[in-house]
Amino acid sequence: MNRKCIFCEIIKGNQKADFVYEDEDVLVIRDVFPQAPIHLLVIPKEHIPSASQVNDPYIWAKLMNNATIVARDLGLDKDGYRLVVNCGSMACQTVPHLHIHLLAGRQFHWPPG
Ligand code: AMP
């Protein structure tokens, strides 16, 4: 846990969030500044600053598995959805606690810009 990390504060229950799913390793919440009609964040409970600092492949397995299960449970797999991981400043990562964005409910484009 990192005291100054907003996601750690949410995980500890010190900061409110709109919870969608939780288990012993992972939390899924709604993004406060949604970039699509559905914008969820899939967050490991362990404080890992970014994708480049993941040492245990189990973390990715848990996060990706939960992201796709939540997407299926919400019926998002019908029309499709996007999973995004921003890593570092050039990719516009703003919260230094690993998370996967799960975006759905509108048409996305490629390349993303
Ligand atoms: P990133 O820019 O990839 O690090 O994504 C961080 C995301 O966290 C952004 O989409 C923010 O809108 C979102 N965010 C920041 N603070 C909160 C919060 N307290 N609750 C929910 N989402 C948040």
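Because the structure is a prediction, the values reported are computed rather than measured. Side chains are part of it too, since the values below use all heavy atoms of this structure and drop only hydrogens, waters and symmetry mates.
The CZ atom of Arg30 sits 7.0 Å away from atom CD1 of Ile38, with the distance rounded to the nearest 0.5 Å. Taking CG of Asp31 as the reference point, atom NE2 of His101 lies at 6.5 Å (rounded to 0.5 Å).
Note on Val70: it clusters hydrophobically with Leu63, by side-chain heavy-atom contacts below 4.5 Å among ILVMFWY residues. Linking ILVMFWY residues whenever their side-chain heavy atoms come closer than 4.5 Å, directly or via other members, leaves Phe7 and Val26 in distinct clusters. Ile48 and Met64 fall within a single hydrophobic cluster, where Ile, Leu, Val, Met, Phe, Trp and Tyr are joined by side-chain heavy atoms under 4.5 Å apart, directly or via other members. Hydrophobic clustering (side-chain heavy atoms under 4.5 Å, transitive across Ile, Leu, Val, Met, Phe, Trp, Tyr) groups Val84 together with Phe108. One hydrophobic cluster holds both Val95 and Ile43 under the rule that ILVMFWY side chains link at heavy-atom gaps under 4.5 Å.
Of all the heavy atoms in Ala104 and Ala36, the pair that sits closest is O-CB, 3.5 Å. Leu102 and Ala67 make their closest contact through CD2-O, 3.7 Å (heavy atoms, listed as atom of the first residue, atom of the second, distance). Summarising the geometry of Cys8 relative to His47, their closest heavy-atom pair is SG-ND1, 3.4 Å, with the distance given to 0.1 Å. When all heavy atoms of Ile29 and Ala17 are compared, the pair lying nearest together is CG2-CB, 4.0 Å. Considering every non-hydrogen atom in both Gly105 and Pro37, the closest pair reads O-CG, 3.3 Å. In terms of heavy-atom proximity, His97 sits nearest to Lys45 at CE1-O, 4.3 Å.
When atom types are taken as modelled, the side chain of His99 and the backbone of Leu40 share no donor-acceptor pair closer than 3.5 angstrom. Using a distance-only test at 3.5 Å, with no hydrogens or angles considered, a donor-acceptor pair links the side chain of Gln93 to the main chain of Pro49.
Residue pairs meeting the side chain to side chain donor-acceptor pair (under 3.5 Å) criterion with at least one partner in residues 65-82, sequence neighbours excluded, are Tyr21-Asn66.
Taking the side chain as every heavy atom from C-beta outward, Asp23 and Lys62 approach each other to under 4.5 Å. At a threshold of 4.5 Å between non-hydrogen side-chain atoms, the residues Leu98 and Gln53 do not count as touching.
Screening Val28, Leu41, Leu27 against Val20 for a side chain to side chain contact (heavy atoms under 4.5 Å, CB included) leaves a single residue, Val28.
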